[in-house]
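Notes for the one structure printed next.
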Amino acid sequence: MNPLNEPPPVALPETGSPLYERLADHYRRVIAAGTLAPGDRMPSVRALMSQHRVSLSTAIQVFRSLEDAGWLQARPRAGYFVRRAPASRLANVAEPEIPSLAEPARYVGLHERISRVIERAQAFPDALNLGGATADAMLYPTQRLQALASRILRRRPTLLTEVGEDGGAIELRQAVAKRALSSGVSVAPDDVLVTSGGVEAVNLALRAVAQPGDTIAVESPAFFGLLQILESLGLRALEIPTSPTTGLSLEALDIASTACPDLKALVVVPNLQNPLGCVMPDARKAELVQLCARRGVALIEDEPYRELVESSEPARPLKAWDRDGGVIYCASLNKVLAPGMRLGWMASGRWQARVRLLKFAQTRHNESLAQLVAAEFIGSGAYDRHLHQLREKLRTQREASADAIGRYFPAGTRLSLPPGGLLLWVALPEGASSDALFEAALPHGIRLAPGSIFSNSDRFRSFIRLSCPAPFDYRIDTALRQLGTLAAELGRSA
Ligand SMILES: Cc1ncc(COP(=O)(O)O)c(C=O)c1O
């Protein structure tokens with residue numbers, strides 16, 4: 001088209017900030033005014049270039065900065081879409097305070113608290129489970145995996161009675177090593193050790209780098225399973241404040257690692273942290289790897305949710321910045337492919353020999369059939385198609401639940417909508433007790449995860465983690481309405 005026939009570009013205020021920032025600001029105002037509504041597709045990169053007469057790199061920077069700030073969401077192969085606000089009256093979860101002095105490391109004494117919550121939940125087996133972190137079986141490719149298993153067994157009739165391979169089936173080690181390349185991680189199949197999910201990988205990593213009594217830094221709040229592992233290994237936990245938007249505070253880690261020079265390791269979930277749902281920006285990931293390398297702190301990267309991040313390009317693990325083998329990468333297929341197969345894998349850098357020895361001594365190799373099924377599925381185009389669908393379904397489920405929380409929960413409730421996954425971290429109004437809400441909800445047939453199990457401190461007693469494991473329906477809507485009513489009643493009687 002003749003550029004002379006095009007309307008002139010929008011006049012942007014001369015604020016002195018870079019062009020891409022001023023343009024991003026313009027789109028922020030357009031979205032806030034409702035001209036582009038939640039769910040609307042943004043103009044394409046090409047349209048932005050010609051409309052505003054900007055270069056490709058400026059246009060891309062505009063999209064990235066809007067995406068980073070939570071205004072847009074990239075959907076692979078479809079473009080950028082305006083993100084739905086989680087009900088307008090819900091503010092984001094507040095940022096943590098960074099203490100000037102690190103808190104002392106403590107032995108994790110949470111076992112009883114966590115066991116009690118699990119026991120109470122088990123007493124109501126028919127309750128709607130909004131307290132787990134795994135999606136419903138219907139969201140995984142059941143039939144395809146079943147068909148692959150039958151085909152593999154026909155091809156290898158003695159598979160169930162043969163001794164499997166140490167370290168894991170070569171087919172799976174090759175498949176995950178090849179796939180890791182697309183996220184910037186270069187590992188050889190021989191560097192990969194197949195494990196029984198992420199929990200075994202993190203267990204092995206901690207045992208390889210630390211002895212009972214040692215101190216390990218963890219995010220605060222952290223996945224309660226990690227706190228159970230630390231406790232079972234007799235380790236001390238040093239909780240590092242973690243932002244619901246950008247993840248672990250590097251500033252706080254810096255202070256803490258100075259105050260605690262014998263810090264042995266840091267365990268971190270940089271992509272879709274559990275329970276916060278945050279994704280650490282790439283620049284911070286690079287900085288974190290450097291900081292740990294400088295301080296001689298082993299970095300254990302726990303990655304069960306990375307493939308669920310909704311972004312235009314695959315989210316990068318910390319391992320992509322590892323230059324000296326200081327990062328132990330622990331991945332899991334349980335959340336993304338098949339919870340029933342309990343498969344995970346790890347690349348242990350400098351600690352590889354020790355980790356192999358520990359795995360051999362502890363559990364030997366995993367059974368072969370599940371590994372071969374996973375290897376064939378991951379190696380085929382079906383894996384990407386499945387992940388694409390899974391991310392889309394989880395997004396719809398999350399947004400519907402967030403909307404319902406906005407409708408039904410008392411004023412003062414806060415929530416940050418994460419860029420992927422199935423977990424929502426909800427701050428109840430000041431002073432509310434999530435333990436009390438957990439107890440009150442069980443007789444109504446609703447299970448949730450109270451914030452108290454995600455930390456050794458009582459900092460998260462007013463938070464709950466709610467999951468969105470299945471398509472939003474009347475049952476979930478009713479449960480969230482009931483939870484909102486209970487939260488309001490507890491607030492009034494507090
Ligand atoms: C952060 C984190 N790490 C590890 C795990 C456990 O992974 P897996 O089920 O693969 O053992 C979970 C499960 O909820 C998790 O949230």
Side-chain angles (χ1 to χ4, degrees), residues 110 114 117-118 121 129-137 139-140 168 172 176 192-207 216-233 237 239-240 242 244 247-248 265-280 299-309 315 317-319 328-347 359 362-363 366 370-371 374 378 394 418 420-425 447-449 451 453-455 460 465-469:
L110 267 177
I114 297 173
V117 166
I118 294 172
N129 188 4
L130 302 180
T134 307
D136 209 273
L139 268 68
Y140 296 106
L172 181 56
V176 295
V192 171
L193 179 71
V194 176
T195 61
S196 173
V199 160
E200 187 185 31
V202 173
N203 251 295
L204 290 168
L206 282 166
R207 291 182 61 205
I216 309 295
V218 298
E219 293 154 312
S220 186
F223 164 50
F224 63 84
L226 168 64
L227 300 176
Q228 285 180 305
I229 297 173
L230 293 180
E231 179 161 348
S232 71
L233 296 178
E239 296 194 22
I240 308 291
T242 300
L248 185 99
L266 163 71
V267 183
V268 66
V269 185
N271 294 303
L272 293 179
Q273 200 263 5
N274 175 5
L276 295 172
C278 49
V279 173
M280 190 180 267
L299 222 175
I300 300 173
E301 178 173 28
D302 184 14
E303 277 281 74
Y305 304 106
R306 192 182 59 78
E307 302 255 37
L308 300 181
V309 176
L318 299 173
K319 186 77 179 163
I328 304 184
Y329 183 65
C330 303
S332 168
L333 300 178
N334 286 329
K335 313 290 180 183
V336 290
L337 177 60
M341 301 205 303
R342 285 223 50 80
L343 282 173
W345 63 275
M346 63 196 294
K359 164 81 176 157
Q362 198 169 288
T363 53
N366 282 53
Q371 295 186 65
I378 291 172
L394 292 179
L422 71 159
L423 303 176
L424 295 175
W425 184 239
R447 208 187 273 182
L448 56 85
I453 61 175
F454 295 92
S455 166
F460 303 104
R465 192 193 69 185
L466 287 175
S467 68
C468 318

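When a ligand or atom number is given, it counts from 1 through the structure's own listing order. Just so it is clear, the structure is predicted and the values come from calculations on it, not from any experiment. For the numbers below, each heavy atom of this structure counts, side chains included, while hydrogens, waters and symmetry mates do not.
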Looking only at the side chains, is there a donor atom on one of N274 and R465 sitting less than 3.5 Å from an acceptor on the other? yes

Would you please name every residue forming a ring-ring contact (aromatic ring centres under 6.0 Å, His included) with Y329, sequence neighbours left out? W345

Shell of residues surrounding ligand 1, defined by a 4.0 angstrom heavy-atom cut-off that is strict: A133, G197, G198, V199, F223, V269, N274, D302, P304, Y305, S332, N334, K335, R342

Do L343 and L172 make a side-chain contact, defined as non-hydrogen atoms from C-beta onward lying under 4.5 Å apart? yes

R342/E200 under side chain to side chain contact (heavy atoms under 4.5 Å, CB included): CA gap, chis, key distance, verdict: CA-CA 10 Å; R342 285 223 50 80; E200 187 185 31; over 6 Å; no

Between T242 and Q273, is there a side-chain donor-acceptor contact under 3.5 Å, judged purely by atom types and distance? no

Begin from the C-alpha positions of K335 and T134 and carry the test side chain to side chain contact (heavy atoms under 4.5 Å, CB included) through to its verdict. CA-CA 6 Å; K335 313 290 180 183; T134 307; 3.2 Å; yes

